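Below: one structure, written as structure tokens.
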Amino acid sequence: MNPGMLIAMAAGLSLAASALATPTADEPCYDLVIRGGLVLDGSGAPRERMDIAVRGDRIIRMGNPGDLCAVHEVDARGLYVSPGFISLHDHSVPEAWTTAENLLTQGITSAITNADGRGEPNLDDQFKSSEGFGVNIGAYIGFNAVWQSVMGLNDRRPTPAQLQRMRDMVSAGMQAGAWGVSAGVDYKPAYWASTDEVIEVVRAAAGSHTNFPNHERLSEANGTSSLAGIAETITI
């Protein structure tokens with residue numbers, strides 16, 4: 001893009017499509033106007049130079065440059081303005097969520113964490129470990145985290161009771177609001193789980209009709225074939 005900078009709308013702002021009226025005499029100005037940027041609204045419509053008016057935590061009007069009054073202004077001339085980006089495969093950790101500087105400086109306002117099966121097996125504990133959220137945060141329940149919490153770092157087969165413990169942890173994660181079950185079966189100790197064992201654990205989330213992003217397994221047994229790894233993920 002040229003100009004090469006972009007302003008992403010703040011994480012807490014939402015569009016109120018039903019409130020597009022101009023300010024009244026009693027309320028002559030908006031709280032904030034982002035002024036004169038080239039707006040890419042995410043719909044596929046051509047970019048358009050306009051002002052964006054905010055009242056409280058809502059975007060309530062998008063209009064022609066210069067026709068909106070505001071208490072505070074951001075000069076976006078020469079910049080693009082867009083909705084915040086979503087990082088669907090995010091490796092940020094709770095210690096970084098309070099300021100989220102690495103995300104916000106890239107225009108990311110929402111992140112789905114615990115990629116590749118990582119994170120904490122208890123999502124409530126993971127979220128309590130953060131002092132706040134500078135962006136919107138969602139989380140997967142990680143197969144690797146669940147497997148390691150029950151099986152440790154050893155290459156051994158789970159008992160029926162251990163499989164049930166892991167299924168219960170996946171179910172609890174889904175009930176806590178997980179976006180799905182992530183896995184990285186290319187990473188130990190999850191690498192030692194057989195395809196059938198992975199299925200036995202993650203089927204606890206089947207009723208949620210969710211998704212299963214996975215870092216595919218490359219092993220000597222499958223000739224370190226990416227196609228074999230993809231086939232295993234599809235099977236799961």
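Treat the numbers as computed from the prediction; the structure is a model and nothing was measured.
- Side-chain atoms of Glu232 do not come within 3.5 Å of backbone N or O of Ala228 as any donor-acceptor pair.
- Atoms OG and CD, on Ser194 and Glu200 in that order, are 9.0 Å from each other to the nearest 0.5 Å.
- Test Glu120, Gln126, His89 against Asn114 for side chain to side chain donor-acceptor pair (under 3.5 Å) and you get one pass: Gln126.
- In this structure, CZ in Arg217 is found 8.5 Å from CG in Asp186, a value given to the nearest 0.5 Å.
- Taking every heavy atom of both residues into account, Val81 and Ala76 meet most closely at CG2-CB, 4.0 Å.
- One distance of note links CG of Leu163 with OG1 of Thr159; it measures 6.5 Å at 0.5 Å rounding.
- For the pair Gly119 and Ala145, the tightest heavy-atom approach, listed with the atom from each and the gap, is O-CB, 3.4 Å.
- Gln164 and Asp168 share a side-chain donor-acceptor pair at under 3.5 Å.
- Comment: Arg35 engages Asp51 in a salt bridge, judged by a side-chain N to carboxylate O separation of less than 4.0 angstrom.
- Using modelled atom types, one side-chain atom of Thr113 and one backbone atom of Ser92 make a donor-acceptor pair closer than 3.5 Å.
- Closest approach of Ser182 and Gly117 over heavy atoms only: OG-N, 2.9 Å.
- In summary, the side chains of Glu131 and Thr98 do not present any donor paired with an acceptor at a separation below 3.5 Å, with no hydrogens or angles considered.
- Between Ala178 and Leu123, the closest heavy-atom pair is CB-CD1, 3.7 Å.
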Practice prompt. Evaluate side-chain contact (heavy atoms from CB on, under 4.5 Å) for Gln162 paired with Arg156, printing each intermediate quantity in order.
Written response: CA-CA 11 Å; Gln162 288 170 327; Arg156 57 194 178 97; 3.6 Å; yes
Discussion item. Could you go through Val71 and Leu32, starting from their C-alpha distance and side-chain angles, then the distance that decides it, and tell me whether this counts as side-chain contact (heavy atoms from CB on, under 4.5 Å)?
Written reply: CA-CA 6 Å; Val71 176; Leu32 170 69; over 6 Å; no
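- Annotation for Leu218: hydrophobic cluster partners, listed by chain and number, are none (ILVMFWY side-chain heavy atoms under 4.5 Å, direct or chained).
- We find the CH2-CG distance between Trp179 and Leu88 to be 7.5 Å, quoted to the nearest 0.5 Å.
- In the hydrophobic clustering of this structure, Ile137 does not group with Val93; members are Ile, Leu, Val, Met, Phe, Trp, Tyr whose side-chain heavy atoms approach within less than 4.5 Å, directly or through other members.
- Within the structure, side chain to side chain donor-acceptor pair (under 3.5 Å) contacts touching residues 137-152 (residues at least two apart or in different chains) are Tyr140-Asn211.
- Tyr191 belongs to a hydrophobic cluster whose other members, connected by ILVMFWY side-chain contacts under 4.5 Å either directly or through intermediates, are Trp192.
- Arg47 is listed as a side-chain neighbour of Tyr80, based on a closest heavy-atom distance under 4.5 Å.
- Follow the hydrophobic side-chain contacts under 4.5 Å out from Ile112 and you never reach Trp97; the two are in separate clusters.
- The number of heavy atoms from other shown groups lying within 6.0 Å of CZ (Arg157) is above 12.
- Closest non-hydrogen pair, Ala190 versus Gly184, comes out as CB-O, 4.1 Å.
- The two residues Asp31 and Gly56 have their closest heavy-atom pair at OD2-N, 2.6 Å.
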Practice prompt. Take His91 and Asp116 through the side-chain contact (heavy atoms from CB on, under 4.5 Å) test and state the conclusion after the steps.
Written response: CA-CA 9 Å; His91 285 274; Asp116 296 332; 3.2 Å; yes
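- One distance of note links CZ of Phe143 with CG of Asn214; it measures 9.0 Å at 0.5 Å rounding.
- Put simply, CD on Glu48 and CG on Asp41 are 9.0 Å apart, with the number rounded to the nearest 0.5 Å.
- Residues Val150 and Ile199 share a hydrophobic cluster, clusters being chains of Ile/Leu/Val/Met/Phe/Trp/Tyr side chains in contact below 4.5 Å.
- Contact of the Asp90 side chain with the Leu103 side chain is registered, since non-hydrogen atoms from C-beta on lie closer than 4.5 Å.
- Looking at heavy atoms from C-beta onward, Leu38 lies out of side-chain contact with Leu79 at the 4.5 angstrom threshold.
- Tracing side-chain contacts under 4.5 Å through hydrophobic residues (I, L, V, M, F, W, Y), one never reaches Tyr187 starting from Met166; they form parts of separate clusters.
- You'll find the side chain of Ile141 reaches within 4.5 Å of the side chain of Met174, heavy atoms only.
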